[in-house]
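One structure below.
Chain identifiers are assigned alphabetically (A, B, ...) following the order of the sequence lines, protein sequences preceding nucleic acid strands; residue numbering begins at 1 within each chain. Quick caveat: nothing in here was measured; it's all calculated off a predicted structure.
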Amino acid sequence: MGNFDRKIETFLRVFIDQGGYREVLIGLKNTLSIAIIGLVIGIVIGTAIAAVRVMPKYKILPRILNNICSFYVAMFRGTPMVVQLLVFYYVLLPLMGANLPSVTVAICVFGLNSGAYISEIMRGGIQSVDIGQMEAGRAVGLGFWTTMLKIVIPQAVKNILPTMGNEFITLIKETSVVSFVGAMDLYVAFNNIGSNSYEFMIPYLVMAVIYIVLVFLIAMGVRWMERSLKKSDRSR
Amino acid sequence: MIEAVNLTKQYGALTVLDQISETISEGERIVIIGPSGSGKSTFLRCLNCMEDPTSGSIFFEGVDLTDMKVDINLHRQHMGMVFQQFNLFNNKTVLENITLAPLHVGLKKAKGRAARIQLKREVEARAHELLQRIGLDEWADKYPSTLSGGQKQRVAIVRALAMNPKVILFDEPTSALDPEMVGEVLDLIKQLANEGMTMVIVTHEMGFAREVASRVLFMDGGKIMEQGTPEDIFDNPQCPRLKEFLSKVI
């Protein structure tokens, strides 16, 4: 195992003495902010789309909105995240003449992408809430959107929380594709450490452990939220 | 107060309501009876456009509710509805169930912070008053899942009352209840009837229908086959379908 000890020594030298940890911290910050802000954007977009898709469709406007939303979901579910990232960064931005930091672009793309997935999760959640809840809201004179926001969506969120945790975990792991547009994330940081020392085994091992710890913490957080949201349920 | 004109409801090829025209005046207590599938619940649910009629009109105080340009939410505030499955808001406490709609409506009009605080105080005081009336004030901060069926339905009734409706529509209010809880709900409805509340009730409780109704409608096959005072309908039925129906349920 002398060989292994040397590998660890090399890693620690690059990681601590040569300041590799700074890149890792930046990478961790970027990974987390892309996943978290992306998720928040995704929840807002996804909830709006889901509500539009369950709207009664007597009038013209809901029908038009519904078609737009269907198109959006089809586009973002039909292409890989990497492709969306590349298209935004190397096609759409230059076409618009805009110049944004790659992390910002990644946050937007992750938000738009997860919005498409979350809209389907949320639609299932909304449809799992008894139709009587909507009817009761409408019967006392509340509008569709008011009833949706105050009554149906809070109950839907409780039903889909485990699935949303899953989506968040997927986002965290998928952030590793942002290296394609030159953003610094956990993978890039550890890859740099490896390149600097010609020694990849330990950096990649540590990287994997960090991902596992992140995912474990999220899973714990989701379970805690589930418990605290159960207060209006029958005592179980 | 409510006038249905040539009300028709079809689900595909199935005609559930067939050209019904009927007028309900203020202070009337209409009870609708009939076999299942006769369209009585659908008729009731068309009165506040919970179901959209296929054709025909509903006039509520002279306004055609089936007109798409009419703000239906505004008019529903004056038409309470009580459901078979209670449909209390599961994510709201008992008190919030009652105050939600009055607060929502009031806060749109209230100007300024002081007015809003004042409104909240008034609405909550009124909700507590209503809860005291049904003996459930101590449950105000509990969630509906902790209530029994009868308690839920009584809360649902005062939720409708909190909006000071001009009419209340009851859609089989006791059908989902355990037998021992039917009485408490019927008693509350009777109290409201005695106070002069206009109501339309779909029910299978014939004794209750006889006691509370000012007019009974017998529906079958999407039509009102016969109507009259409870005495007419129950003691002296004319149409053969009604006779057959009564012989089965009484």
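Annotation: A:Phe216, atom CZ; neighbour count of heavy atoms from other residues, nucleotides and ligands within 6.0 Å does not exceed 12. Shown here is B:Lys190, whose NZ atom has more than 12 heavy atoms of other residues, nucleotides or ligands within 6.0 Å. Other residues, nucleotides and ligands place more than 12 heavy atoms under 6.0 Å from the CD atom of B:Gln19. Remark: A:Met225 CE is loosely packed, at most 12 non-hydrogen atoms of other residues, nucleotides or ligands lying under 6.0 Å away. Under a cut-off of 6.0 angstrom, the local environment of OH in B:Tyr11 is crowded, with over 12 non-hydrogen atoms contributed by other residues, nucleotides or ligands. No more than 12 heavy atoms of other residues, nucleotides or ligands sit less than 6.0 Å from atom CH2 of A:Trp224. Under a cut-off of 6.0 angstrom, the local environment of OH in A:Tyr72 is crowded, with over 12 non-hydrogen atoms contributed by other residues, nucleotides or ligands. With a 6.0 Å radius and a threshold of 12 heavy atoms from other residues, nucleotides or ligands, A:Tyr187 has its OH atom at or below the threshold.
Minimum heavy-atom separation, A:Gly141 to B:Arg76: CA-CB, 4.0 Å. Nearest heavy atoms, B:Leu88 versus A:Gln133: O-NE2, 2.8 Å. Considering all non-hydrogen atoms of both residues, A:Gly137 and B:Phe89 come closest at N-CE2, 3.6 Å. Nearest heavy-atom pair across B:Gln77 and A:Val140 is CG-O, 3.8 Å. A pairwise comparison of heavy atoms in A:Ala139 and B:Phe83 identifies CB-CZ, 3.8 Å as the closest pair.
Each of B:Met163, B:Met50, B:Met81 has some count of heavy-atom pairs under 4.5 Å with chain A, and the biggest count is that of B:Met50.
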**OP:** Assess whether side chain to side chain contact (heavy atoms under 4.5 Å, CB included) is satisfied between A:Asp130 and B:Asn90, documenting all intermediate values.
**Re:** CA-CA 10 Å; A:Asp130 179 18; B:Asn90 295 327; 5.9 Å; no
Original post:
How far apart are the C-alpha atoms of B:Asn48 and A:Arg138, what are their side-chain angles, what is the distance that settles it, and do they pass the side chain to side chain contact (heavy atoms under 4.5 Å, CB included) test?
Top reply: CA-CA 10 Å; B:Asn48 66 350; A:Arg138 302 306 306 275; over 6 Å; no
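The CG atom of B:Leu100 sits 5.5 Å away from the CG atom of A:Leu142 when rounded to the nearest 0.5 Å. How far OG1 of A:Thr146 is from NE2 of B:His104: 3.5 Å, rounded to the nearest 0.5 Å. A:Glu135 CD to B:Asp171 CG: the interatomic distance, rounded to the nearest 0.5 Å, is 9.0 Å.
When heavy atoms are compared at a cutoff of 4.5 Å, B:Asp71 does not approach chain A at all. Both the backbone and the side chain of B:Met68 come within less than 4.5 Å of a heavy atom in chain A.
The contact list for residues 60-67 of chain B toward chain A, using heavy atoms and a distance under 4.5 Å, is empty.
Listed for the B:Asn91 side chain is a donor-acceptor partner under 3.5 Å among the backbone atoms of A:Lys150.
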